[in-house]
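Quick notes on the structure that follows.
In what follows, residues are counted from 1 in the order of the sequence shown. Both ligands and their constituent atoms are indexed starting at 1 by order of listing.
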Amino acid sequence: MNTILITGASGGIGEAIAFQFAAKKHNLLLVARNESKLAALCKELHEKYRIDTQYIAADLTKPEAAAAIYEETIKRGLNVNVLINNAGRGSSGEFYQNDLESEIEMMQLNNASLVALTHCFLRNMIAKKSGNIINIASMIAYFPSPYMAVYAGTKHFVKIFTYALAEECKPYNLNVMLFSPGLTSSNFMNTKQNDNEWGKVVTQNSKTQTPEQVAAELMSAFEKKKSAWISGSQNRFFANISGLIPPRFIARTFGQQKRRQMGL
Ligand SMILES: NC(=O)c1ccc[n+]([C@@H]2O[C@H](COP(=O)([O-])OP(=O)(O)OC[C@H]3O[C@@H](n4cnc5c(N)ncnc54)[C@H](OP(=O)(O)O)[C@@H]3O)[C@@H](O)[C@H]2O)c1
């Protein structure tokens, strides 16, 4: 049975993406840690849209999680024809003060598990010459971002990995899309790694989209077979002009601005 796998689907942007695809009558496999939220969402989507909805509760900071998810899809007889790597989290603060274990866990979640899931499901898509992969990066993937240094690094990785993979997948007729939201009103800035003074500085004066707006843009970009899309017209403008400015200049400007906002 053809199924769309969405990671990080228990809330925020991932949940809104699930609603978008459910409304188009796609069957869904939802992945996140919070089992009760996943179960409730599956029930709601099934009742509302009469699609097959399943979930797997998994912690993608664990290196073995991706292979376990893949094995489970085989056991359940699911053909994952669209993989949406959305699960991720951030961290804010001075790098030297951030908890190292937590930063490395974030790299496992935002990067290594994304790569591992892609590796698991891509083979079958290539064999069938049919399938789609959508990797969720961030507006921050276009800028060096002091005081979010590791998070920005993980999203730069997603961007560069996805551009390269998209090219490798062209001969197999697969569409690989990089999708980059800007600041979005989800739980993202409320996690313990982001909910601090440095995190608040990031959100000051920033235009915010809702997860529903972001997911609607993702659906539209998916249907138009875009290879990259940045959510929000203002975000698109800034990300596009960022390519014209030397990265070290951007880093210096952002760093100075954030220190000023912090009163340092
Ligand atoms: N919100 C923003 O401003 C923003 C901006 C740019 C990019 N993004 C990106 O958009 C994506 C979605 O973020 P969001 O804004 O929707 O954040 P969110 O509301 O915090 O949702 C994050 C999702 O990821 C799941 N998740 C977190 N840690 C996980 C883990 N260890 N294993 C499995 N699942 C995990 C969460 O579910 P559980 O807690 O149930 O595991 C949740 O479903 C992320 O990749 C983020 O980097 C967000």
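Judged purely by atom type and a 3.5 angstrom limit, Thr184 has no side-chain atom pairing as donor or acceptor with the backbone of Ser186. Listed for the Lys170 side chain is no donor-acceptor partner under 3.5 Å among the backbone atoms of Leu165. Side-chain atoms of His156 come within 3.5 Å of backbone atoms of Ala141 as a donor-acceptor pair (strictly under, hydrogens ignored).
A side-chain N or O of Asn85 and one of Thr118 form a donor-acceptor pair less than 3.5 Å apart. Judged by distance alone, the side chains of Ser92 and Asn196 never bring a donor and an acceptor atom under 3.5 Å apart. If you check the side chains of Gln193 and Glu103, you find no donor sitting under 3.5 Å from an acceptor. Ser10 and Asn34 are not linked by any side-chain donor-acceptor pair at a separation below 3.5 angstrom, with hydrogens and angles left out of the test. If you check the side chains of Lys128 and Asn81, you find no donor sitting under 3.5 Å from an acceptor.
The shortest N or O to N or O distance between Ile13 and ligand 1 is under 3.5 Å. Between Asn86 and ligand 1, an N or O atom pair is found at a separation short of 3.5 Å. Ligand 1 has no N or O atom lying under 3.5 Å from any N or O atom of Ser138, backbone or side chain.
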Test Ile84 against Leu5 for side-chain contact (heavy atoms from CB on, under 4.5 Å), laying out the working first. CA-CA 6 Å; Ile84 305 179; Leu5 192 168; over 6 Å; no

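Of the candidates Ala141, Gly12, Ala137, the one placing a heavy atom closest to atom 7 (C) of ligand 1 is Ala137. Within the set Gly182, Ser206, Gly14, Gly8, the minimum heavy-atom distance to atom 25 (C) of ligand 1 is found for Gly8. Of the candidates Ser10, Ala65, Ala57, Ala215, Ser10 brings a heavy atom nearest to atom 42 (C) of ligand 1. Of the candidates Gly88, Gly11, Ala87, Ala32, it is Gly88 that places a heavy atom closest to atom 22 (C) of ligand 1. Checking Met139, Arg33, Glu15 against atom 39 (O) of ligand 1, the nearest heavy atom belongs to Arg33.
For the side chain to side chain contact (heavy atoms under 4.5 Å, CB included) test with Val82, the passing option among Leu28, Asn2, Ile133, Asn132 is Asn132; the others fail. For the side chain to side chain donor-acceptor pair (under 3.5 Å) criterion with Tyr147, the lone passing option out of Lys258, Glu94, Arg259 is Arg259.
The protein heavy-atom contact nearest to atom 32 (N) of ligand 1 is Leu60 N, 2.8 Å. Among protein heavy atoms, the minimum distance from atom 14 (P) of ligand 1 is reached at Ser186 OG, 3.4 Å. The protein non-hydrogen atom at the shortest distance from atom 8 (N) of ligand 1 is Tyr151 OH, 3.8 Å. Of all protein heavy atoms, the one lying nearest to atom 20 (O) of ligand 1 is Phe188 N, 3.5 Å. In this structure, the protein non-hydrogen atom closest to atom 3 (O) of ligand 1 is Thr184 N, 2.8 Å.
Listed by number with element, the atoms of ligand 1 under 4.0 angstrom from any heavy atom of Thr61 are 31 (N). In summary, the atoms of ligand 1 found under 4.0 Å from a heavy atom of Ile136, numbered by their order in the structure, are 10 (O). The contact set between ligand 1 and Leu183, taken as ligand atoms under 4.0 Å from a residue heavy atom, comprises 3 (O). Applying the 4.0 Å criterion to heavy atoms of Asn187 picks out, from ligand 1, the atoms 19 (O), 20 (O). Proximity to Asp59 (heavy-atom distance under 4.0 Å) selects the following atoms of ligand 1: 30 (C), 31 (N), 32 (N).
Heavy-atom separations between Ser113 and ligand 1 are all 4.0 Å or longer. Residue contacts with ligand 1 include Ala58, since one or more of its heavy atoms lies under 4.0 Å from the ligand. For the pair Gly90 and ligand 1, no heavy-atom separation below 4.0 Å is found.
Counting only heavy atoms from C-beta outward, the side chains of Leu178 and Ile134 never approach each other to under 4.5 Å.
Residue contacts with ligand 1, taken as heavy atom pairs separated by less than 4.0 Å, involve Lys155 solely via side-chain atoms from C-beta onward. Of all the heavy atoms of Ala9, the ones lying under 4.0 Å from any atom of ligand 1 belong exclusively to the backbone.
Ring orientation note: the planes of Phe21 and Phe222 are nearly perpendicular, at an angle over 60° on the 30°/60° scale.
Cation-pi check for Lys159 over Tyr142 is met; the charged atom lies under 6.0 angstrom from the ring centroid and within 45 degrees of its normal.
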